[in-house]
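Before any comments, here is the structure.
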There are 2 protein chains.
Amino acid sequence: MNEALDLETTANILKLLGDKTRLTMIKIMSEHECCVCEFVDLFEMSQPAISQHLRKLKDGGIVNEARRGQWVFYSLNPSSSHYTFIQTVIKDLPSQNFKLENLTAQGKRICCD
Amino acid sequence: MNEALDLETTANILKLLGDKTRLTMIKIMSEHECCVCEFVDLFEMSQPAISQHLRKLKDGGIVNEARRGQWVFYSLNPSSSHYTFIQTVIKDLPSQNFKLENLTAQGKRICCD
DNA sequence: TAATCACATAAGCATATACTTATTTACTTC
DNA sequence: GAAGTAAATAAGTATATGCTTATGTGATTA
């Protein structure tokens, strides 16, 4: 049932989560797939800064990226060996759906349908 | 039932846990109270380095300190608003009891009884 | 009260981190 | 294929982090 969690890799995952921006990203991705430019709008942060955070998460194996058209969408990687651990950590954090709803209201939401 | 976890303070707690030394300390303290010199032996690290890690944990409110005689013992703070959260995070990490048993075998365990 | 042990704090240093601006790459559309 | 949009990468910078050595502080013991 329990993954074999070793201290070092767990500490590294926790370090990835231990940044407000990345933790918020992860909470958002646990609810919705999101593309880079949406994060840029959500965090009012430069595009490279967002890209660099996402790269760390990708290098840690905890998110997937998927290009669709011009956009690259990021989502939590359910195949990650730390997926359930991360779900446990973030499950009681406040939903960030309202942020995406704000984006939608501003017409800034990206949909590829 | 759920604490109101806000993203920023949670990220700060996760940052505290996101260091191998501190995460191991926390796992140890979840099983046993421990004094500074025991940590020094366990981690083969300088005494100031250990003290500084413990200070961060204390500043974060997640450990208690208690002086008994010459020694200062540290333990997880069950009154911390993040206590249950931390328990959840560390519960599947491998027990570090063997380390304390090694200390005992070497006669380096501190007991104040 | 002098010496010793346990721990904390101060100060310095090397590396890590999180950003910035500038540029490059990938894709779409005209 | 030229122009425009989205994202990644490169390079630079300021601050944070985790250690070190040196010193200060508090309790114990002779």
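So that the names make sense, note that chain A is the first sequence line, chain B the second, and so on, each numbered from 1. Computed from a predicted model, the values in this text were never measured in an experiment.
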_Just N and O in the side chain of B:S46: are any of them under 4.0 Å from OP1 or OP2 of D:dC19?_
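No, no such contact exists.
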
_side-chain N/O A:Y74 vs D:dA6 OP1/OP2, d < 4.0 Å_ =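 So the side-chain polar atoms of A:Y74 never come under 4.0 Å of the phosphate oxygens OP1 or OP2 of D:dA6.
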
*Taking the side chain as C-beta and beyond, is there a heavy-atom pair between A:L100 and A:C34 under 4.5 Å?*
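A side-chain contact under 4.5 Å exists here.
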
Please answer whether the main-chain N or O of [Y] pairs with a side-chain N or O of [X] as donor and acceptor at a distance below 3.5 Å.
{"X": "A:R22", "Y": "A:L16", "value": "yes"}
{"X": "A:N77", "Y": "A:N64", "value": "no"}
{"X": "A:K15", "Y": "B:D19", "value": "no"}

How close or far is atom [atom2] of [N] from atom [atom1] of [X], stated in whole angstroms?
{"X": "A:M45", "N": "C:dT21", "atom1": "CE", "atom2": "C1'", "value": "16 Å"}
{"X": "B:F43", "N": "D:dC19", "atom1": "CZ", "atom2": "P", "value": "10 Å"}
{"X": "A:L42", "N": "D:dA6", "atom1": "CG", "atom2": "C1'", "value": "16 Å"}
{"X": "A:K56", "N": "D:dA8", "atom1": "NZ", "atom2": "C1'", "value": "15 Å"}
{"X": "A:I50", "N": "D:dT9", "atom1": "CD1", "atom2": "P", "value": "15 Å"}
{"X": "B:Q52", "N": "D:dT20", "atom1": "CD", "atom2": "P", "value": "9 Å"}
{"X": "B:E65", "N": "C:dA6", "atom1": "CD", "atom2": "C1'", "value": "13 Å"}
{"X": "A:D41", "N": "D:dA6", "atom1": "CG", "atom2": "C1'", "value": "12 Å"}

*Does a side-chain N-to-carboxylate-O contact under 4.0 Å join B:R68 and B:E33?*
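Counted as a salt bridge, because a side-chain N and a carboxylate O are separated by less than 4.0 Å.
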
*Salt-bridge criterion met for A:K108 and A:E38 (N-O under 4.0 Å)*: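 Here A:K108 does not pair with A:E38 in a salt bridge, since their nearest N and O are not under 4.0 Å apart.
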
*Got a second to check how far A:I26's CD1 is from A:S75's OG, nearest 0.5 Å?*
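Result: 12.0 Å between the selected atoms.
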
*Give the nucleotide from the list D:dA8, C:dA10, C:dA26 with an atom nearest to the side chain of A:R67.*
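Selected nucleotide: C:dA26.
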
_Closest to side chain of A:S51, choosing from D:dG18, D:dT9, C:dA10_ =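 Among the listed nucleotides, the one closest to the side chain of A:S51 is D:dT9.
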
*Through what angle, rounded to 10 degrees, does the axis of the helix from C:dT1-D:dA30 to C:dC30-D:dG1 turn between its ends, using five pairs per end?*
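End-to-end axis angle for the helix from C:dT1-D:dA30 to C:dC30-D:dG1: 20°, rounded to 10°.
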
*Distance-only polar pair, side chains of A:T9 and A:D6, donor-acceptor under 3.5 Å*: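 Per modelled atom types, A:T9 and A:D6 side chains form a pair under 3.5 Å.
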
*Could one point to a donor on the side chain of B:Q47 or the base of C:dA6 with an acceptor on the other under 3.5 Å away?*
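When only heavy-atom distances are counted, B:Q47 does not reach the base of C:dA6 through any donor-acceptor pair under 3.5 Å.
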
*Applying the side chain to side chain donor-acceptor pair (under 3.5 Å) test to B:S51, which of B:R55, B:H53, B:Q47 qualifies?*
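The option that passes is B:Q47.
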
*Could you identify which residues of residues 12-22 of chain B place a heavy atom less than 4.0 Å from some atom of DNA chain D, listed by residue number, or say none?*
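Of all residues in residues 12-22 of chain B, the ones placing a heavy atom under 4.0 Å from DNA chain D are B:K15, B:D19, B:R22.
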
*Report which part of the nucleic acid A:K58 touches: base, sugar-phosphate, or nothing (heavy-atom distance under 4.0 Å, all strands).*
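The residue A:K58 makes no contact with any strand.
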
_Within 45° cone and under 6.0 Å: A:K20 NZ/CZ vs A:F43 ring_ =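 Not satisfied by the 6.0 Å and 45° rule.
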
*If you find the nucleotide of DNA chain C closest to B:Q70 and the one closest to B:R55, which residue's nucleotide is nearer the 5' end?*
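With B:Q70 and B:R55 compared, the 5'-side residue is B:Q70.
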
